[in-house]
Amino acid sequence: DHFGFAVDVVVRSAAQWRGYLDANPFVEESEQTPNLVMLCIGKQPARDDHVTALQARASENERVARRGEALWLYFGDGAGRSKMGVGPSTGIWTSRNVRTVRSLAEMVG
């Protein structure tokens, strides 16, 4: 209000953070290269068409998976080189690498 604009916020419960970790489809990649595995959560739940759109832009070494309301991305060649991006191009999204997801789950649990 002070600066005259709205700020979108994405909030999740402690149980949801633990659930994200349990649903991680890239467990092996998370152990080997945790900085290349990202969780994307949004104000609206992820949909299958988000997966399709991201996978269409993905390189041979990148993968996308939807688990419930969240998307998981694996940037096999690094996120900085990716044409995939860090989330769907519609809506409000935030992304965190798997190390941060682990830390957040520990902090709230």
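Just so you know, these numbers use all the heavy atoms, side chains as well, and skip hydrogens, waters and symmetry mates.
Under the side-chain hydrogen bond (donor to acceptor under 3.5 Å, both in side chains) criterion, Thr33 pairs with no residue, sequence neighbours left out. Qualifying side chain to side chain contact (heavy atoms under 4.5 Å, CB included) partners for Arg63, counting only residues two or more places apart in sequence or in other chains: Phe26, Glu29, Tyr74. In this structure Arg102 satisfies the side chain to side chain contact (heavy atoms under 4.5 Å, CB included) test together with Leu21, Ser30, Glu31, Pro34, Val98, sequence neighbours excluded. In this structure, the side-chain hydrogen bond (donor to acceptor under 3.5 Å, both in side chains) partners of Asp48, at least two apart in sequence or on a different chain, are Arg66. Residues meeting the side chain to side chain contact (heavy atoms under 4.5 Å, CB included) test with Ser59, sequence neighbours left out: Asn61, Glu62, Asp77. Contacts of Gln16 classified as side chain to side chain contact (heavy atoms under 4.5 Å, CB included), with partners at least two apart in sequence or in another chain: Arg12, Ser13, Tyr20, Glu69.
Val101 and Val11 fall into different hydrophobic clusters, where Ile, Leu, Val, Met, Phe, Trp and Tyr are joined by side-chain heavy atoms under 4.5 Å apart, directly or via other members. Cluster membership check: Val108 does not share its hydrophobic cluster with Val9, using side-chain heavy-atom separations under 4.5 Å among Ile, Leu, Val, Met, Phe, Trp and Tyr.
The neighbour count for Gln55 CD, taken as heavy atoms of other residues, nucleotides or ligands under 6.0 Å away, is above 12.
In terms of heavy-atom proximity, Ala70 sits nearest to Ile41 at CB-CG2, 3.9 Å.
The CH2 atom of Trp93 sits 13.0 Å away from atom CE of Met38, with the distance rounded to the nearest 0.5 Å. Taking CG of Asn97 as the start and OG1 of Thr100 as the end, the distance is 4.0 Å to the nearest 0.5 Å. To the nearest 0.5 Å, atoms CZ (Arg67) and CG (Asn24) are separated by 8.5 Å. Note that CG of Leu71 is 10.0 Å distant from CZ of Arg47, once rounded to the nearest 0.5 Å. For the atom pair OG of Ser82 and CG of Leu73, the computed distance is 8.0 Å after rounding to the nearest 0.5 Å.
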Task: Trp17 vs Leu39, side chain to side chain contact (heavy atoms under 4.5 Å, CB included): CA-CA, chis, key distance, verdict - done: CA-CA 10 Å; Trp17 283 110; Leu39 168 70; 3.8 Å; yes

